[in-house]
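Let me begin by presenting the structure, written as structure tokens, before commenting on it.
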Amino acid sequence: MRDMLTDGPLDVLTGDYLAELTMLILGRDRLKDPARGYAKTFLRQLEECLGLAQERGVKIVTNAGGLNPGGLADAVRELAGRLGVGVRVAHVEGDDLGQRFPDALTANAYLGGAGIAACLRAGADVVVTGRVTDAALVTGPAAAHFGWGDGDHDRLAGAVVAGHILECGTQATGGNYAFFGGRSQRELLRPGFPIAEIHEDGSSVITKHDGTGGFVDVGTVTAQLLYETSGARYTGPDVTARLDTVALTQEGPDRVRVAGVRGEAPPPTLKVGLNRLGGFRNEVVFVLTGLDVEAKAALVRAQVEDALGRAKSRPQEVRWELVRADRPDAPSEETASALLRLVVRDPQQDPVGRALSGAAIELALGSYPGFHVTAPPGKGAPYGVFEAAYAERGTVDHVAVLPGGERLPVQMSGDSRVLEDLDRPPLPEPLPQGPTRRAPLGLVAGARSGDKGGDANVGVWVRTDDAWRWLAHELTVERFRELVPEAAELTVMRHDLPNLRALNFVIEGILGAGVASQARFDPQAKGLGEWLRARHLDIPAALLDVPAAPLKAIDANEPTEVLP
């Protein structure tokens with residue numbers, strides 16, 4: 001926060017503190033103390049930066065209010081009074097639908113930016129929200145500044161795309177970027193945070209403060225555009241943005257113009273994120289060193305299964321996973337070892353506690369040679385499950401609580417459009433037949449992956465038109481399932497985005513009941529795209545070792561209104 005305020009000019013500083021897992025954590029905090037439920041880290045940052053923001057005339061908009069935006073707004077006022085900083089604080093509420101879902105730990109509708117806009121128009125310096133969409137932190141300030149209304153679909157859609165690019169911070173400035181090779185370590189060591197220069201027509205330029213680390217180019221922006229999305233229609237409470245209309249152009253060093261975004265009326269329902277306590281889980285990781293790894297795994301698995309079968313209550317779910325990280329004639333014990341991971345789950349704590357620790361640790365002197373574990377299992381910890389529900393727009397009370405305490409109901413536009421799949425766009429002409437080489441997909445394609453509840457998405461893009469002609473025909477759903485065997489029996493949807501030279505795959509159910517259930521080695525699918533890039537297939541030789549297409553320039557003097 002301090003760096004963003006001191007490294008260059010800003011009008012609005014946004015902060016996204018909420019994820020599906022965060023809501024679960026805040027829900028557990030609130031069980032211990034009803035006055036909690038917001039992100040305390042925001043207050044610690046604000047203590048250092050509130051005066052600085054006020055001096056520089058920077059508005060602060062954040063969803064750090066979590067489950068208790070009113071409580072955080074009061075805490076900000078108390079902090080401002082203690083610091084002697086005169087700021088006007090407002091908050092947005094109405095997202096909490098707990099009364100409709102009494103069996104859920106948290107139940108929150110994803111609100112849009114209209115409440116934020118109302119608070120800013122009323123003169124707020126700091127706006128605190130609960131569960132809003134990540135992009136709402138940008139659509140709200142933009143709508144307030146330019147006077148956009150609910151029907152300005154294209155403008156709002158442009159702001160939604162800008163907000164989506166900003167929402168994961170340095171993922172738009174070189175962080176977690178597939179093509180980081182060739183960049184200096186100094187450049188990658190501490191990427192600066194992205195900035196969106198929003199224009200009145202809804203277009204934007206993504207950039208960063210001069211002199212900060214990282215880099216902004218068409219690739220880094222493309223990667224973030226594909227992150228945790230599904231089809232070409234990117235829905236939200238403000239507008240449905242058409243990702244298939246996004247046009248990216250490199251305007252100059254660390255400047256990417258985002259234009260052409262079309263918008264449609266939002267869906268008639270709001271998404272509601274539900275977090276429930278799913279039960280208790282425990283795990284133990286056996287280390288298998290040297291020879292006969294498969295036999296050692298089979299022996300200890302049979303022994304533990306036998307012990308669990310004789311226990312008073314066997315865990316409801318028992319899952320084994322053998323990770324072959326070992327290699328022959330290894331130069332160190334660690335590289336000679338494989339890991340056998342056992343995860344158990346049950347609605348009750350006892351079956352995953354003493355029953356597991358007894359079954360695993362009592363084998364220490366009577367199992368495979370070299371028996372040891374990475375850590376002894378504990379007594380079992382609670383885990384959560386995530387589920388998405390939906391509520392009619394008109395049934396959710398979206399309220400802006402203005403700096404003076406006035407409660408202003410935010411009217412959601414009756415203009416809505418039922419979501420429908422788009423027709424598949426035409427594919428480019430395939431590349432002519434020619435020599436191929438067996439090589440990793442990642443030599444020609446970038447990827448970024450992430451989670452949405454129990455589903456995962458993998459966005460794959462290429463940097464040249466010829467590579468797109470190959471990828472669009474080669475990476476079918478069937479080929480994807482071959483390269484990612486975990487998806488072989490699951491529903492996989494492919495969405496084509498020719499403007500971005502990209503494909504987006506959504507794998508339903510690969511993450512079980514969501515990140516908190518930890519059903520998978522990589523519970524948020526963050527590395528799934530990199531695994532895909534590491535898989536080998538036959539790639540046209542002409543595409544290998546070909547540099548990216550030259551950057552396209554636009555007229556930097558093009559007249560347009562920018563946030564002053």
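Keep in mind that this is a model prediction, so the values were computed, not measured.
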Atom CD of Glu321 with >12 non-hydrogen neighbours under 6.0 angstrom | yes

Just jot down the ring-ring contact (aromatic ring centres under 6.0 Å, His included) partners of His164, sequence neighbours excluded, or say none.
-> Tyr234

Side-chain donor/acceptor of Arg535 to backbone N/O of Leu483, under 3.5 Å = yes

For Phe480, is the NZ or CZ atom of Arg494 found under 6.0 angstrom from the centre of its six-membered ring and inside 45 degrees of the ring axis?
-> no

Side-chain donor-acceptor pair present, Asp244, Asn499, cut-off under 3.5 Å = no

For Asp254, check salt bridge (Lys or Arg N to Asp or Glu O under 4.0 Å) against everything at least two apart and list the hits.
-> Lys208

Got a salt bridge between Asp455 and Lys452, using NZ or NE/NH1/NH2 to carboxylate O under 4.0 Å?
-> no

CG-CZ distance between Leu248 and Arg501, expressed to the nearest 0.5 angstrom | 10.0 Å

Check the surroundings of atom CZ in Phe42: do more than 12 heavy atoms from other residues, nucleotides or ligands lie under 6.0 Å from it?
-> yes

Closest non-hydrogen atoms of Asn63 and Leu137, given as atom of the first, atom of the second and distance, are N-CD2, 3.9 Å

Just by distance, with hydrogens left out, do Glu228 and Asn457 show a side-chain donor and acceptor under 3.5 Å apart?
-> no

Are the ring centres of Phe280 and Tyr383 closer than 6.0 Å?
-> no

Salt-bridge present (Arg463, Asp466; N to O < 4.0 Å) = no

Would you call Arg393-Asp238 a salt bridge at under 4.0 Å N-O?
-> no

Apply salt bridge (Lys or Arg N to Asp or Glu O under 4.0 Å) to Asp154 and list each qualifying residue two or more places apart in sequence or on a separate chain.
-> none

Is the shortest side-chain N to carboxylate O distance from Glu20 to Arg131 below 4.0 Å?
-> no

Distance-minimising heavy-atom pair for Pro498 and Trp468 | CA-CZ2, 3.7 Å

Parallel, tilted or perpendicular, as decided by the 30° and 60° cut-offs, for the rings of Phe179 and Trp461 = perpendicular

Nearest-0.5 Å distance that lies between atom CD in Glu392 and atom OG in Ser416 = 8.5 Å

Taking atom CD of Gln348 as the centre, does the number of heavy atoms from other residues, nucleotides or ligands within less than 6.0 Å exceed 12?
-> no

Pair Glu294 + Arg324, salt bridge at N-O below 4.0 Å = yes

Answer with yes or no whether the side chains of Asn504 and Thr229 bring together a donor and an acceptor at under 3.5 Å.
-> yes

One should read off an interatomic distance between Phe505 CZ and Ser230 OG, to the nearest 0.5 angstrom, of 14.0 Å

Show me the side-chain donor-acceptor pairs of residues 420-436 shorter than 3.5 Å, one per line, residues at least two apart or across chains.
residue, atom, partner, partner atom, Å
Arg424, NE, Asp496, OD2, 2.8
Arg424, NH2, Asp496, OD2, 3.4

Separation between OG1 of Thr170 and CG of Asn176, rounded to the nearest 0.5 Å | 7.0 Å

For the residue pair Asn108 and Asp95, confirm or rule out a side-chain donor-acceptor distance under 3.5 Å.
-> yes

Salt bridge (Lys or Arg N to Asp or Glu O under 4.0 Å) involving Glu478 - partner list, sequence neighbours excluded = none

Roughly how far, to the nearest 0.5 Å, is the CE atom of Met23 from the CZ atom of Arg28?
-> 15.0 Å

Just checking, any donor-acceptor pair under 3.5 angstrom between side chains of Thr395 and Arg100?
-> yes

Sequence-distant partners of Arg183, salt bridge (Lys or Arg N to Asp or Glu O under 4.0 Å), two or more places apart = Glu187, Asp217

Check: Thr235 main-chain N/O paired with Thr240 side-chain donor or acceptor under 3.5 Å = no

What is the minimum heavy-atom distance between Leu308 and Ala359, and which atoms define it?
-> CD2-CB, 4.0 Å

Step through the shown structure and confirm whether more than 12 heavy atoms of other residues, nucleotides or ligands are within 6.0 Å of CZ on Arg481.
-> yes

Is a donor on one side and an acceptor on the other found under 3.5 Å between the side chain of Asn282 and the backbone of Gly378?
-> yes

Side-chain donor/acceptor of Arg533 to backbone N/O of Gly442, under 3.5 Å = yes

Could you tell me how the ring of Phe215 sits relative to the ring of Tyr177: parallel (under 30°), tilted (30 to 60°) or perpendicular (over 60°)?
-> perpendicular

